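Start at 1 and go down the list; that is how both ligands and their atoms are numbered. Just the heavy atoms: all of them, side chains too, but no hydrogens, waters or symmetry mates, feed the values below. Because the structure is a prediction, the values reported are computed rather than measured.
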Amino acid sequence: MSKDTLTITDNRTGRSYEIPVTHDTIQAMDLRQIKVNQDDFGLMTYDPGFTNTASTKSTITYIDGDKGILRYRGYPIEQLAEHSNFVEVAYLTLFGELPTQEQYNAWEYEIRHHTFVHENIKQLMEAFRYDAHPMSMFISTVAALSTYYPEARNIQDPKSRMKQIVRLIAKVPTISAFSYRHSRGLPYVYPNNDLGYTENFLYMLDKMGQTDYEVKSVLARALDVLFILHVDHEQNCGTATMRVIGSSHADPYASMAGAAAALFGPLHGGANEAVLRMLVEIGDVKNVPEFIKGVKNRERLLMGFGHRVYKNYDPRAKIIKRIADEVFETTGRNPMLDIALELERIALEDEFFVQRNLYPNVDFYSGIIYQAMGFPVKMFPVLFAIPRTVGWLAQWQELLGDSAQKIARPRQIYLGADTRDYLPMANR
Ligand code: SDX
């Protein structure tokens with residue numbers, strides 16, 4: 001009769017060990033009993049980039065990389081994109097269930113009425129150069145928010161945690177719009193609490209002197225769906241960072257500033273900006289074959305392609321491609337789309353990409369839509385960070401509620417010098 005265990009024989013000693021298997025996983029600490037000598041440290045696993053290491057148990061997001069499945073709290077991303085809205089998906093991600101109408105109204109009211117930031121934030125932003133990258137401003141300003149809410153350091157208090165969560169979700173559009181307006185030398189537009197989440201964001205970005213300014217509902221809805229697609233993605237680099245910093249019991253503002261910094265990297269959420277720069281560099285469909293040759297010669301990466309988990313088409317990329325057509329009806333077609341479609345066509349046929357399971361990911365098409373909506377390329381990572389705020393905070397909550405978690409402190413394999421005595425300068 002089969003047992004849910006692994007039998008490991010250590011050929012160095014001939015000893016065998018029986019290790020329990022739960023959820024197709026073994027506890028790394030069960031390996032420490034495997035030693036040659038009693039005073040050995042015991043076996044560890046070596047896993048740079050954590051390619052095969054689970055850091056937590058979670059009930060928030062499920063991804064099947066082979067089948068291209070993404071679900072938030074069990075609901076398929078395709079259905080949420082079709083039927084829900086960002087504020088409702090934020091509620092679902094944080095609380096685990098779809099809200100009743102009463103719960104939704106209360107939640108939406110809370111978010112809508114915490115959009116303002118302390119006036120000092122404007123002076124803080126003024127300290128940045130005119131050409132400061134908006135994502136750097138976002139990271140710095142989120143960290144600075146902790147100076148306005150010192151009670152946030154009381155991370156064991158559920159009420160305080162929820163207050164900071166509402167503040168962060170409500171204020172990141174304001175901070176993002178302010179950083180955009182700063183980079184354009186434009187006056188800040190204060191939040192309009194009569195507007196919905198993405199509508200208000202577009203309002204703060206775009207309104208000038210008009211007294212009757214109206215946000216285009218097609219663009220507000222397209223952005224709302226794009227935000228839904230970016231809410232969470234299990235233990236990605238930025239979220240893992242949120243959890244590592246949060247594991248030291250730092251406040252949510254400091255933890256999220258670190259998560260946003262990780263997201264800014266071009267291999268992660270900074271890829272949407274890198275994709276657009278790549279498309280602009282290619283410039284014309286006729287240059288695509290030459291560019292692909294450079295990728296296959298390892299001279300550069302095809303940004304927006306590949307994924308640690310998806311070895312199939314990223315389901316979010318499929319949905320984003322569909323949104324593109326709706327947006328272009330309002331904004332006009334972005335010529336960069338033709339280059340992107342040709343890149344995708346060639347890559348999906350070429351053995352180099354096929355054998356490495358390289359498909360378009362969430363960042364491949366999102367930037368084309370953002371550019372068509374009028375966002376400068378530098379704003380793209382910020383547009384990723386706004387919705388991912390919800391995922392980071394939901395995962396942070398889960399971390400603090402998980403009694404199995406402790407401060408993150410990985411081990412290492414030391415291969416450096418053995419002990420040696422200090423040498424006076426004259427003897428070196
Ligand atoms: C996001 O984790 C998440 O969930 C992230 C995210 C989220 O929602 O949080 O989904 C958001 O970050 C999406 C990914 C955005 N990044 C990019 O588009 C940048 C380009 N992609 C690559 O940097 C890469 O694909 C990663 C970083 C996304 C994944 O890298 P892995 O899993 O570490 O894979 P790897 O680097 O080991 O690559 C395996 C092979 C290598 O070739 P060999 O050495 O085996 O011959 O594939 C090659 C790589 O060279 N490869 C690529 C490539 N991606 C991988 N070659 C060309 N172009 C690429 N984009």
Please enumerate all residues that pass side-chain contact (heavy atoms from CB on, under 4.5 Å) together with R71, with sequence neighbours excluded. Y62, I69

Partner residues of H230 under the ring pair (Phe, Tyr, Trp, His ring centres under 6.0 Å) criterion, sequence neighbours left out: F384

Do you know which two heavy atoms are closest between A408 and S247, and how far apart they sit? N-OG, 2.9 Å

Neighbour list for ligand 1 [protein residues, heavy atom under 4.0 Å]: H233, N236, P266, L267, H268, A271, V295, R298, L301, L302, M303, G304, F305, G306, H307, R308, R316, R356, L358, N361, D363, F384, R388

Applying the ring-ring contact (aromatic ring centres under 6.0 Å, His included) test to F364, which of Y310, Y359, F305, Y313 qualifies? F305

Taking all atoms of both residues into account, what is the closest heavy-atom pair of S140 and S136, and its distance? OG-O, 2.7 Å

Sequence neighbours left out, what passes side-chain contact (heavy atoms from CB on, under 4.5 Å) with L186? Give chain and number order. R181, R184, M208

